[in-house]
Amino acid sequence: MQTKEIIKLKDITVSFDGEPVLSGLDLNISDGEFVTLLGPSGCGKTTTLRIIGGFVTPDSGSVFFDGQDIADLPPYKRQVNTIFQRYALFPHLNVEDNVAFGMRVQKKKPAEIKETVDRMLKLVNLAGFNKRKVETLSGGQQQRVAIARALANNPRVLLLDEPLAALDLKLRKDMQVELKNIQKSLGITFIYVTHDQEEALSMSDTVVVMDAGRIQQIGTPQDIYNEPENAFVADFIGESNILDGIMHEDYLVEFFGRKFKCLDAGFGPKEPVDVVIRPEDIDIVPADKGHLTGKVTAVTFKGVHFETIVDFKGFKWMIQTTDYYPVDSVIGIVLNPEDIHIMKKSEYSGMFGDYSSYSEEFDEMANPEIDLTEEAEVQE
Amino acid sequence: MKTLSRIYNALIFLFLYAPIFVLIVFSFNDSKSRVVWSGFSLRWYEELFQDEEILSALGVTLSIAVIATIVSTIIGTMAAIGFRSVNARLRRVLMALNNFPMVNPEIVTGISLMLLFVFIHRTTGLLQPGYMALLLSHITFCIPYVVLQVLPRLRQTNPHMYEAAMDLGCRPLSAFFKVMLPDIFPGVLTGALMAFTMSLDDFVISLFTSGASAQNLSVTIYAMVKRRVTPEINALSTLMFGAVLILLVAINVLQMKSTPKQAKK
Ligand SMILES: Nc1ncnc2c1ncn2[C@@H]1O[C@H](COP(=O)(O)OP(=O)(O)O)[C@@H](O)[C@H]1O
Ligand SMILES: [Mg+2]
């Protein structure tokens with residue numbers, strides 16, 4: 001992969017109606033990368049994307065494209081194209097005219113336009129749909145037209161704002177693979193926005209985790225999952241048990257009144273830390289053989305595994321296990337050094353990682369779904 | 001019960017439409033009488049189109065209606081777009097300001113416009129009652145109707161469409177004409193027809209703002225009736241009734257055409 005920097009956001013600050021939306025955002029994006037902005041609804045992902053697209057002017061900070069400051073460049077002069085959250089196809093034009101729109105604005109030759117339209121429609125698996133009206137297409141097909149329309153302009157960078165959010169699960173999975181293939185075959189930069197961590201992990205070269213208008217962590221999907229930087233990231237990406245601990249020395253951490261070996265170093269003496277233990281890393285053993293013992297309080301069958309909630313001295317952990325341990329059974333657990341990840345304390349410490357209030361319903365409600373408000377507005 | 005309500009309905013329509021019906025029938029009467037039918041004829045229509053006073057009033061009415069429609073459609077559409085981009089609180093205030101003139105008694109609007117024009121005339125020497133004042137007042141009272149027709153259409157459009165056009169290389173103005181206008185066009189057209197109808201239809205406000213130099217049809221008819229009621233007036237009223245009827249039917253058809261589409265989405 002090339003490492004040339006194509007987009008650089010420097011110390012970006014934005015507020016709407018006095019409410020800070022982005023605070024001191026720094027982001028560098030390499031050419032040809034698949035970068036995902038991941039975070040809960042309202043954290044400022046769309047705003048970040050719109051700054052790159054030229055639709056939002058930051059209150060302060062600078063935006064560089066290919067080394068040039070483009071703060072004052074309007075959207076129609078940027079070598080960037082956008083897939084909007086609701087496709088935003090032009091309903092009075094047919095598929096072909098939608099895809100040709102950008103090239104016609106640039107006064108390209110008809111023969112070239114025709115050739116590009118056909119090539120783009122083939123790329124998104126819509127060959128032969130040229131004359132169809134866009135409103136006769138399904139959601140997935142409309143999405144493909146939007147992709148073809150943006151790519152027909154030959155952008156250096158494609159911005160995608162939750163492009164798959166409105167599609168059903170099966171179609172979404174297929175489109176994820178397809179989008180990734182398109183990005184690889186064209187070799188252009190994709191900046192992809194989603195609140196779906198699974199989507200982010202499976203598609204991206206680089207994931208940018210955001211919350212409350214700040215970047216929490218930037219890294220490869222593996223980094224983000226295995227080495228979360230704070231309690232927010234650990235909780236948002238996958239499931240995590242997060243405990244208070246004290247770092248005694250390098251590679252030795254204490255929690256629940258017991259010292260454990262770990263792989264982390266570089267903390268101050270007796271520094272309080274957050275300890276992350278992933279539910280799937282925990283080994284269950286008979287009670288008398290465990291480092292810790294606890295009592296099962298709830299079990300949910302999830303297909304691949306059982307989600308078992310275990311009470312350790314009043315603190316509830318989630319453990320994913322393929323074996324079934326009924327409620328009220330007493331179990332022991334073993335933690336190996338590689339199962340333990342240590343994070344510095346942050347403003348998020350103590351907010352996440354305890355499964356005491358955990359229940360199925362809560363899980364569903366907490367799922368930040370596609371903006372229902374927006375849906376309502378369209379139907380208004 | 002059912003027959004009773006039918007009779008009630010029939011009576012309502014009878015009282016509503018009988019006068020117009022009589023007027024239409026007698027516009028084709030061969031004699032001057034307004035009571036006795038003496039045979040079919042088009043003589044009043046012929047005379048109508050030879051009457052200088054009426055023809056010049058017709059010219060004023062039509063030219064005012066056309067210009068007022070164009071100008072108020074442009075201003076009203078821009079206003080509607082502006083309304084969309086402000087926050088909800090301010091939008092409610094603006095909508096109330098927009099709707100108020102439509103429920104405000106016309107005579108109040110008429111008198112206040114007259115006073116305004118008189119004031120401007122006194123202080124600057126411009127805008128004495130006449131063609132320009134008439135035109136400006138027609139533009140003024142047409143705008144709210146355009147806004148009211150364009151807004152719901154705007155609400156249906158995807159707000160990102162305009163940005164998508166710019167994203168694909170359009171300058172703001174060309175993005176508006178290429179993408180936004182085609183999408184809201186049914187609303188704009190209905191608004192324009194509504195404005196045209198309102199302008200043709202208006203009497204009260206015109207009475208107060210037209211001077212002796214420029215009188216439109218309704219004001220002219222009023223002046224003529226004060227002198228004498230000729231069957232010519234019947235003919236003229238029939239034509240105006242027909243024109244407004246056709247326009248209203250057209251507006252309704254247009255509105256119906258754009259509604260099922262919305263249901264499909
Ligand atoms: N045009 C706007 N006017 C006012 N507030 C806005 C505007 N756009 C976004 N916001 C606010 O900024 C915050 C971040 O929004 P957004 O960037 O859309 O978040 P995300 O895409 O991560 O869900 C939200 O609280 C949202 O309400
Ligand atoms: Mg968003």
Side-chain angles (χ1 to χ4, degrees), chain A residues 16-17 46 49-50 52-56 73-93 97-108 133-136 139 142 145-146 148-155 157-159 161 374-380, chain B residues 77 80-81 83-95 147-190 254 257-265:
Chain A
F16 289 121
D17 310 324
T46 298
L49 212 61
R50 288 168 63 78
I52 301 172
F55 298 106
V56 170
L73 212 59
Y76 48 89
K77 286 189 181 154
R78 297 192 181 192
Q79 285 176 290
V80 168
N81 285 108
T82 309
I83 311 283
F84 290 87
Q85 218 156 357
R86 271 174 193 285
Y87 322 145
L89 296 178
F90 306 135
H92 62 288
L93 299 178
D97 293 337
N98 262 281
V99 178
F101 189 91
M103 293 183 284
R104 296 222 169 105
V105 172
Q106 290 166 18
K107 306 242 164 14
K108 294 255 168 73
K133 297 203 86 171
V134 290
E135 58 208 59
T136 66
Q142 292 192 17
V145 176
R149 183 179 70 177
L151 290 176
N153 257 25
N154 206 13
V157 175
L158 188 68
L159 310 177
D161 194 353
E374 219 167 294
E375 192 106 33
E377 195 177 29
V378 172
Q379 284 168 355
E380 193 180 9
Chain B
T77 304
I81 292 169
F83 283 18
R84 269 297 272 173
S85 62
V86 301
N87 64 42
R89 225 234 248 87
L90 183 56
R91 183 156 63 223
R92 266 200 300 281
V93 174
L94 287 173
M95 277 315 290
V147 172
L148 217 60
Q149 292 300 317
V150 176
L151 258 189
R153 190 71 209 186
L154 264 179
R155 225 172 277 144
Q156 283 175 31
T157 65
N158 184 333
H160 292 312
M161 229 164 58
Y162 172 71
E163 290 182 347
M166 287 210 281
D167 192 71
L168 293 165
C170 279
R171 284 161 181 282
L173 209 58
S174 108
F176 172 78
F177 282 110
K178 281 199 169 114
V179 171
M180 213 145 137
L181 191 58
D183 205 41
I184 59 171
F185 192 69
V188 175
L189 193 61
T190 327
L254 269 178
K257 260 196 190 155
S258 56
T259 340
K261 218 177 174 186
Q262 171 191 348
K264 242 192 306 177
K265 272 181 196 166

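Computed over heavy atoms, backbone and side chain alike; hydrogens, waters and symmetry mates excluded. Chain naming here is simple, since letters A, B, ... match the order of the sequence lines and numbering starts at 1 in each.
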Novice: Give a yes or no on this: more than 12 heavy atoms of other residues, nucleotides or ligands lie within 6.0 Å of atom OH of A/Tyr76.
Specialist: yes
Novice: Looking at A/Met103, A/Arg50, A/Gln106, which makes the most heavy-atom pairs under 4.5 Å with chain B?
Specialist: A/Arg50
Novice: Might you point out which heavy atoms bring A/Lys77 and B/Arg171 nearest each other, and give the distance in Å?
Specialist: CE-NH2, 4.0 Å
Novice: Which pair of non-hydrogen atoms, one from B/Asp167 and one from A/Val80, has the smallest distance, and what is that distance?
Specialist: OD1-O, 3.8 Å
Novice: Quick one, A/Phe84 with B/Asn158, criterion side chain to side chain contact (heavy atoms under 4.5 Å, CB included). Give me CA distance, side-chain angles, the key distance, then yes/no.
Specialist: CA-CA 10 Å; A/Phe84 290 87; B/Asn158 184 333; over 6 Å; no
Novice: Contact part of B/Ala165 toward chain A, heavy-atom cut-off under 4.5 Å: side chain, backbone, both or neither?
Specialist: both
Novice: Of the listed residues (B/Met166, B/Glu163, B/Met161), which shares the most heavy-atom pairs with chain A below a 4.5 Å separation?
Specialist: B/Glu163
Novice: Examine whether an atom of A/Leu89 lies under 4.5 Å from a heavy atom of chain B, and if so say whether it belongs to the side chain, the backbone or both; otherwise answer neither.
Specialist: backbone
Novice: Do you know which two heavy atoms are closest between A/Asn153 and B/Leu168, and how far apart they sit?
Specialist: ND2-O, 3.4 Å
Novice: Of the non-hydrogen atoms in B/Asp183 and A/Pro91, which two are nearest, and what is the gap between them?
Specialist: OD1-CG, 3.2 Å
Novice: Could you grab the distance from atom CD of A/Gln85 to atom NE2 of B/His160, nearest 0.5 Å is fine?
Specialist: 6.0 Å
Novice: As an exercise: rank A/Phe90, A/Phe101, A/Tyr87 by heavy-atom pairs under 4.5 Å with chain B and give me the winner.
Specialist: A/Phe90
Novice: Closest heavy-atom contact between A/Ala88 and B/Ala164?
Specialist: O-CB, 3.9 Å
Novice: So what's closer than 4.5 Å to chain B heavy atoms on A/Asn81: side chain, backbone, both or neither?
Specialist: both
Novice: So, does A/His92 use its side chain to make a donor-acceptor pair with the main chain of B/Leu181 at under 3.5 Å?
Specialist: no
